[in-house]
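Notes for the one structure printed next.
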Protein chains: 2
Amino acid sequence: MDMRFDMAQNVAPVPMARPCSGHSCDACVVRDSAICADLNDGDRDALSRIGRRVALHAGQTVMWEGDDSTVVANVIEGTLKLATSTGDGREQIVGVVYASDFIGRPFGARTPHSVTALTDARLCLFPRGAFDGFAMRHGELQHRLLQRTLDDLDRTRAWMLLLGRKSAREKVATFLLDMGRRLRGDADGVIALPLSRQQIADVLGITIETVSRQMTEMKREGMIDLVGRRGVRLADMAALEALAEAG
Amino acid sequence: MDMRFDMAQNVAPVPMARPCSGHSCDACVVRDSAICADLNDGDRDALSRIGRRVALHAGQTVMWEGDDSTVVANVIEGTLKLATSTGDGREQIVGVVYASDFIGRPFGARTPHSVTALTDARLCLFPRGAFDGFAMRHGELQHRLLQRTLDDLDRTRAWMLLLGRKSAREKVATFLLDMGRRLRGDADGVIALPLSRQQIADVLGITIETVSRQMTEMKREGMIDLVGRRGVRLADMAALEALAEAG
DNA sequence: CGAAGTATTGAGGTTCATCAATACCGGTGG
DNA sequence: CCACCGGTATTGATGAACCTCAATACTTCG
């Protein structure tokens, strides 16, 4: 239907990704919020020896849909998208992940969706087999992973309501509020969206033109302000919430 | 937008549901496929003492969206739907569960979606607090639950592609194939759908009329046969698969 | 056989996708 | 600093897909 192509370089991930210097958990910014948070110092050290840090540029893909599941990772910094596509190239973004989130498919042979960096990013990357083995021996880790997966599932199901039953206008309002919740704006309350218009369209299951039209209309009505390509200020939260509605 | 109402009785679930007689895991039909499969006899006994069997009639709702999460359960027999709605009554079915599946939200305060029996069903029901406690002490159980949740998440994300990017025709084809995979047909290859046309519409994020039109058209083209309200035979699998396409 | 509920069919309207042109942003080099 | 250029976003015109409303037909169950 639409055969868009990613402008960004889709280089081979694991070999290409530059391992980066520092590699101690002590200084890790996500050590208290990632799945390793409940491990004691010794166990965390052991886990860290299994993995390594890698840096990604915006646009790089870490894993592809349908590939063997060979790696999993913690996101240390940056924003990434999870996506699946139809055979003819229509794409649906099925998740957006941020610092301290976990990516990849542990305990399974296949990666069910691609993972691509939207901004420059840093990961703490583990070979899946070694990670699985470690997790089997550490209940706390598995419990954290379960908690996180259950939360992901809840969020994903809530998003199904949006995809299946909401209008374009409601979709955009819901998206903007969701972004507002995750990203803290600057002094003026302006949020820097990590997604292009096309990517927003791919999250919401609509076209880029529809996203654009809805946003300019909301601007005209004073619900939001648009600043540059990536900036938005949610001027009238109440109106947006009324639109996003849902349950 | 559409203010449909469930004809079925939405009675209070846990008190109303009739506890049923037999209650030994030894004879349980799902004991080797449900999450308790990896427990040893002693542990499974201990778990079974926490829970109880209940029977549901088609149409009964076991838990409501937004409720406190007070119970979780294994499905022993029957088919149930998981659903969320917008404030104005539009419904999206976010999952369909079968025998040996697990329902409810462990390790969380809220039930994020309603659970309603589509057919008569039997559950093995646990108070959430007691179940959580038991799970914390039994890594095998938590591991099974994690596996199952990861699988659910994969399936749910695959469904997002359908909701966001597929046409009505592709949606129906995908749905029918999915049903064919889960439900074994009779001697003639006729499958008895556990969902009404309206419920199919609610799974696919379209209207009942569109479901109906697509199915009659597929029938006219010889891809499927319709027998009665709930019966379908997938006559031309190849054609259906070409339509469902995806990746 | 009749009634209630469910599904199909039809006519018409709305929303959103598609195709196409123009405008804008932000970085690079003159 | 300005002009230019590639890429991205907006805007417009048109049409198709799907929704809505309404009537009819079919199933199933008492």
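Fair warning: this is a prediction, and the values are worked out from it, not measured in the lab. Within every chain, numbering begins at 1; the chains are lettered A, B, ... in the order of the sequence lines, protein sequences first and strands thereafter.
- Here B:R197 reaches the OP1 or OP2 of C:dT8: one of its side-chain N or O atoms lies under 4.0 Å away.
- Spacing between atom CZ of A:R165 and atom P of C:dT15 amounts to 17 Å, rounded to whole angstrom units.
- Among the nucleotides C:dT8, C:dC25, D:dT10, the one closest to the side chain of A:R229 is C:dC25.
- The distance between atom CE of B:M215 and atom C1' of D:dC26, rounded to the nearest whole Å, is 15 Å.
- At least one side-chain heavy atom of A:L161 sits less than 4.5 Å from a side-chain heavy atom of B:T86.
- For the pair A:T210 and C:dA17, the criterion of a side-chain N or O lying under 4.0 Å from OP1 or OP2 is met.
- Between B:E170 and B:K166, the shortest heavy-atom contact is OE1-CA, 3.3 Å.
- For D:dG12, its base sits under 3.5 Å from the side chain of A:R213 at one donor and acceptor pair at least.
- Checking the phosphate oxygens (OP1, OP2) of D:dC19, a side-chain nitrogen or oxygen of B:T207 falls inside 4.0 Å.
- In this structure, A:L226 atom CG and D:dT8 atom C1' are separated by 14 Å, rounded to whole Å.
- In this structure, the CD1 atom of B:I208 is 14 Å from the P atom of C:dG5, given to the nearest Å.
- Within 3.5 Å, a donor on the side chain of B:E209 pairs with an acceptor on the base of D:dC21, or the reverse.
- In this structure, the side chains of A:E209 and A:S212 stay at 4.5 Å or more apart for every pair of heavy atoms.
- Taking every side-chain heavy atom of B:S212 into account, C:dT8 is the closest of D:dT10, D:dC19, C:dT8.
- The closest donor-acceptor contact from the side chain of A:T119 to the backbone of A:T79 lies under 3.5 Å.
- Place A:A168 and A:R230 on DNA chain C by their nearest nucleotides, and A:A168 ends up nearer the 5' end.
- Counting to the nearest Å, the P atom of C:dT6 and the CD1 atom of B:I200 are 14 Å from each other.
- Residue B:T216 has a polar side-chain atom (N or O) positioned under 4.0 Å from OP1 or OP2 of C:dT9.
- Atom CD in A:E217 sits about 14 Å away from atom C1' in D:dT10, given to the nearest Å.
- As rounded to whole Å, 16 Å separates atom C1' of C:dC16 from atom CD1 of B:I206.
- Distance, A:K171 NZ to C:dC16 C1': 10 Å, rounded to whole Å.
- Closest of all the heavy-atom pairs between A:D225 and A:A235 is OD2-CB, 4.1 Å.
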